[in-house]
Amino acid sequence: GLQHCVQFQIVSTRPYIEAGLGLASFELGDDSVAQRHLLSAYDLACATETLTVKLSANYFLARLDSRQGRAADALDRLRSAARQARVAGAEADLLKAANYFGEWLRDRGRRVEAARVWQMVLVHPMAEAGLRLDVCTAGELAVALAGGADPALLGFHGNDKSDAEI
C-alpha cells in the first residue's frame, strides 16, 4: 500500500498507512521504524490537514519519547496534541491526550496524579451524559469538577469528613 501511494503520488491515504505502520512497529518494539513512520505520518497529516492522524501520530511519538527516556519531549508533544484537539473541538482526542498524559505521569512514578488524570478522563463522558456521580473525598470532588461534572449531580457521601470538607 505505501509503495503504491508513493509511486502514484496518492496523498489522501498515505498518512493513514504511515500511521498504521508506525503504530504496528511501536507495538512490536521496533522504535526506529516506528519513529520514521510516525514522523512521516505526522508531516503528511499536517500537509493534508488530517487532524486524526496528526494527533494519533503525536500521541505515539510522545509515548516513544517517554519509552526512550525523553520525558520533556514527550510532555511537549502531549501538550501540543491537547492544544490542537481543543482548538479543533475534538473532545475525544483531547481525552486521549489526557489518557496518555496519565501514562506519562505513571511512568515518572507519579501514580496518584496519574490516577486523578485518568479519573477525569472517565468522568467527562459520564458528566456529558448527565449521569450522577458519587464522590467521597475533596480530592474526588475536585477531579469530578475538573472533568466537567455538574455540581448539582454530585453525591458527596461518606461519614469520615473533615470540617473543611463539610
Side-chain angles (χ1 to χ4, degrees), residues 1-129 131 139-140 142-149:
L2 182 58
Q3 290 174 344
H4 286 103
C5 286
V6 172
Q7 181 180 0
F8 299 110
Q9 299 177 344
I10 302 169
V11 295
S12 61
T13 57
R14 186 166 172 209
Y16 295 95
I17 293 171
E18 289 280 5
L21 291 170
L23 300 180
S25 299
F26 176 86
E27 295 298 333
L28 292 171
D30 194 342
D31 291 354
S32 62
V33 172
Q35 185 171 16
R36 186 179 76 235
H37 285 296
L38 289 168
L39 286 171
S40 179
Y42 181 80
D43 291 342
L44 291 164
C46 288
T48 59
E49 297 182 22
T50 311
L51 180 67
T52 306
V53 173
K54 181 166 57 170
L55 294 175
S56 182
N58 229 357
Y59 302 144
F60 277 89
L61 284 165
R63 292 178 75 191
L64 195 58
D65 286 339
S66 187
R67 187 156 79 183
Q68 295 176 348
R70 297 187 305 266
D73 293 341
L75 188 55
D76 286 344
R77 282 191 188 281
L78 289 173
R79 284 181 178 148
S80 171
R83 277 192 299 272
Q84 291 168 356
R86 188 178 20 158
V87 167
E91 287 196 11
D93 287 305
L94 189 55
L95 292 174
K96 283 182 194 173
N99 185 43
Y100 290 132
F101 179 62
E103 285 184 7
W104 183 89
L105 288 168
R106 181 201 60 209
D107 293 345
R108 310 268 105 41
R110 296 163 64 182
R111 296 190 187 303
V112 172
E113 291 165 293
R116 287 188 179 138
V117 167
W118 288 328
Q119 284 176 329
M120 280 188 276
V121 169
L122 292 173
V123 163
H124 182 78
M126 290 187 281
E128 198 173 65
L131 299 175
E140 287 182 357
V143 166
L145 294 172

| field | Neighbour count above 12 (heavy atom, 6.0 Å) for Glu49 CD | value |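 Open.
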| request: Give a yes or no on whether the backbone of Tyr59 and the side-chain of Arg63 come within a donor-acceptor separation of less than 3.5 Å. | output: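 Not a single qualifying donor-acceptor pair exists.
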| Do Ser25 side-chain atoms and Leu21 backbone N/O form a donor-acceptor pair below 3.5 Å? |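 Indeed, once roles are kept as given, a pair shorter than 3.5 Å links the two residues.
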Excluding sequence neighbours, so at least two apart, what forms side-chain hydrogen bond (donor to acceptor under 3.5 Å, both in side chains) with [X]?
{"X": "Arg67", "value": "Asp31"}
{"X": "Gln35", "value": "none"}
{"X": "Arg111", "value": "none"}

Distance from [X] atom [atom1] to [Y] atom [atom2], nearest 0.5 Å?
{"X": "Trp104", "Y": "Arg77", "atom1": "CH2", "atom2": "CZ", "answer": "14.5 Å"}
{"X": "Glu103", "Y": "Ser66", "atom1": "CD", "atom2": "OG", "answer": "8.5 Å"}
{"X": "Asp65", "Y": "Arg70", "atom1": "CG", "atom2": "CZ", "answer": "4.5 Å"}
{"X": "Leu78", "Y": "Leu55", "atom1": "CG", "atom2": "CG", "answer": "11.0 Å"}
{"X": "Glu18", "Y": "Tyr42", "atom1": "CD", "atom2": "OH", "answer": "15.5 Å"}
{"X": "Ser56", "Y": "Leu23", "atom1": "OG", "atom2": "CG", "answer": "5.0 Å"}

| task | Looking only at non-hydrogen atoms, find the nearest pair between Gly22 and Ala34 and report the distance. | result |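 For Gly22 and Ala34, the tightest heavy-atom pair comes out as O-CB, 3.5 Å.
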| said: So which atom in Val53 and which in Pro15 form the shortest heavy-atom distance, rounded to 0.1 Å? | reply: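 Scanning both residues, the minimum pair turns out to be CG1-O, 3.6 Å.
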| message | Using the side chain to side chain contact (heavy atoms under 4.5 Å, CB included) definition, which of the options Asn58, Leu75, Leu61 pairs with Ser80? | response |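 Of Asn58, Leu75, Leu61, side chain to side chain contact (heavy atoms under 4.5 Å, CB included) with Ser80 is met by Asn58 alone.
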| task | Using the six-membered ring wherever Trp is involved, compare the ring planes of Phe60 and Phe26 and label them parallel, tilted or perpendicular (cut-offs 30° and 60°). | result |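 Judged by the thresholds at 30° and 60°, the geometry between Phe60 and Phe26 is perpendicular.
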